[in-house]
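Since the structure comes first, as structure tokens, the remarks are kept for the end.
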Amino acid sequence: MKPMGPIPPEFAGQRGALMIGERTAQDWVAEAGSPCFVYDPAIVAARVARFRAALPGIDLHYAMKANPHPTLLAAIAPLVDGIDVASAGELAIARAEMPAARISFAGPGKRDAELQAAIAAGATLNAESTGEVRRALAIGERLGRQPRLAVRVNPDLELKGSGMKMGGRPSPFGIDAERAADAVRLIRDGAADWRGFHIFAGSQALDPQAIIETQTATVALAARLAEEAGAPPPLVNLGGGFGVPYFSGDVAVDVERIGAALAETLAARPAILAGAGFAIELGRWLVAEAGVYLTRVVDRKESRGETFLVVDGGLHHQLAASGNFGTVVRRNYPVAVAHRMGEEAGLEEVSVVGCLCTPLDRLADRVALPRAEPGDVIAIFLAGAYGLTASPTAFLGHPAPVECVAGLS
Ligand SMILES: *Cc1c(COP(=O)(O)O)cnc(C)c1O
């Protein structure tokens with residue numbers, strides 16, 4: 001028997017039929033077919049409310065690559081102060097929901113057409129290199145538009161304990177801290193609108209102490225770079241990277257503690273940052289727990305003492321649950337038999353495997369679940385972030401799953 005991660009709080013206390021946004025999982029599957037994703041914006045709204053209470057005065061941006069579903073995005077946009085996009089495609093979707101002045105565009109390898117789309121719209125470009133700054137300035141000149149440019153900094157610090165480290169080493173992301181002041185001068189001399197700094201040190205961080213230390217160091221770094229550049233930044237984007245508990249032993253981020261520490265840091269900030277606004281951009285923390293992947297059992301088989309529930313979904317829709325997206329060791333996401341929530345008696349050890357012809361397609365490995373038969377629905381939680389759009393949907397040519405967004409009640 002292997003442990004699984006904790007079921008998110010909104011679902012953990014449920015008994016009997018799993019309810020997602022006031023409908024049962026069975027109803028969702030009856031309507032949308034199996035497999036399907038269901039997203040509940042009420043859960044995102046609860047996370048936003050918690051952030052607002054814990055970090056008053058800090059702008060909250062949504063990093064939409066975590067889940068770009070247009071209906072979900074339309075529900076999130078009015079709740080946040082900005083949207084961070086990572087491609088011209090995302091920019092086009094975001095523009096339907098948010099004034100361009102509150103959209104920022106980060107990511108390496110922005111093509112000229114993408115820079116042009118952002119500059120023409122008036123979105124902020126988080127520059128990933130000096131070469132990108134130069135290209136943006138030239139495009140702005142050609143268009144007769146003043147580009148809005150922030151300097152994304154490759155910090156000389158890293159977010160300890162985060163799943164994906166982004167700083168403190170050579171990186172395709174951001175301009176090395178040692179060169180950031182030069183980039184600011186280049187932007188200002190080029191008569192662009194300098195929007196400040198963007199400093200993103202890592203993703204999927206759970207340890208509040210590590211996040212606090214990173215934020216403190218980030219504020220100090222922004223001040224140092226501003227002094228070097230001789231210009232106060234209008235905005236300091238502190239990045240994000242708040243994680244969610246996917247696995248056994250993971251503990252949810254203590255955002256209240258982070259908020260209290262950040263308030264202290266900002267109260268004592270250097271004078272050059274006195275007029276700066278501060279933003280945190282979050283993807284995963286806002287949406288991961290709001291999504292559930294539902295997939296029906298097609299076959300139940302025994303093989304040499306192990307019971308397999310073979311489902312009609314798999315890693316082509318929800319790669320992360322198979323342990324093949326951003327994790328080194330495969331561990332179990334929280335899963336449940338959707339009509340038997342909370343059952344504790346008569347559990348059996350089973351592996352939930354997808355329908356792809358690869359041993360990688362294992363959605364739960366030797367977990368304890370109530371008995372499930374063909375036709376029953378398995379719920380895989382934490383499917384709201386880096387789910388469908390981060391999965392190899394074309395692999396094996398199965399049809400795409402429907403994505404449903406529950407009504408906001
Ligand atoms: C992906 C990304 C984020 C969001 O990261 P999460 O871990 O999902 O919060 C934030 N900022 C930038 C620049 C990103 O690329």
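Any value given below was found using the heavy atoms of this structure, including those in side chains, with hydrogens, waters and symmetry copies removed. This chain uses plain numbering: 1 for the first residue, then up along the sequence. Counting starts at 1 for both ligands and their atoms, following the listed order.
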Let's go through Thr124 and Ile103 carefully: what are the C-alpha distance in whole Å and the side-chain angles of both, what is the deciding distance for side-chain contact (heavy atoms from CB on, under 4.5 Å) to 0.1 Å, and is it a yes or a no? CA-CA 6 Å; Thr124 296; Ile103 298 174; over 6 Å; no
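- Of all the atoms in ligand 1, the ones that sit under 4.0 Å from a non-hydrogen atom of Lys65 are 1 (C), 2 (C), 3 (C), 14 (C), 15 (O).
- Arg179 CZ: 12 or fewer foreign heavy atoms inside a 6.0 Å radius.
- Against a heavy-atom cut-off of under 4.0 Å, Ala63 is close to the following atoms of ligand 1: 3 (C), 4 (C), 10 (C).
- Judged by the shortest distance from any of its heavy atoms, Gly241 lies inside the 4.0 Å radius around the atoms of ligand 1.
- Counting the atoms of ligand 1 from 1 in the order shown, those under 4.0 Å from a heavy atom of His198 are 13 (C).
- The aromatic rings of His317 and Tyr293 stand perpendicular to each other, their planes meeting at an angle above 60°, with 30° marking the opposite boundary.
- Interface atoms of ligand 1 facing Gly283, defined by a heavy-atom separation under 4.0 Å, are 4 (C), 6 (P), 8 (O), 9 (O).
- Contact analysis leaves Phe173 out of contact with ligand 1, as no non-hydrogen atom separation drops below 4.0 angstrom.
- Ligand 1 lies within reach of Phe200, whose nearest heavy atom is under 4.0 Å from it.
- For Thr393 (side chain) and His316 (main-chain N/O), no donor-acceptor pair under 3.5 Å exists by modelled atom type.
- In terms of heavy-atom proximity, Glu289 sits nearest to Pro9 at OE2-CD, 3.9 Å.
- Side-chain rings of Phe381 and Phe11 approach one another, their centers coming within less than 6.0 Å.
- Below 3.5 Å of separation, one finds an N or O of Ser203 facing an N or O of ligand 1.
- Counting atoms of ligand 1 from 1 in the listed order, those under 4.0 Å from a heavy atom of Tyr386 are 1 (C), 4 (C), 5 (O), 6 (P), 8 (O).
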May I have the step-by-step check of side-chain hydrogen bond (donor to acceptor under 3.5 Å, both in side chains) for Arg284 and Ser203, ending in yes or no? CA-CA 9 Å; Arg284 193 189 309 272; Ser203 187; 3.3 Å; yes
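- Between His198 and Phe200, the angle of the ring planes stays under 30°, which puts this pair in the parallel group of the 30/60° scheme.
- When only interatomic distances are considered, the shortest N/O to N/O separation between Trp285 and ligand 1 does not fall below 3.5 Å.
- Of all atoms in ligand 1, listed by their number and element, those nearer than 4.0 Å to a heavy atom of Leu282 are 9 (O).
- Counting heavy atoms under 4.0 Å from ligand 1, residue Phe242 does not touch it at all.
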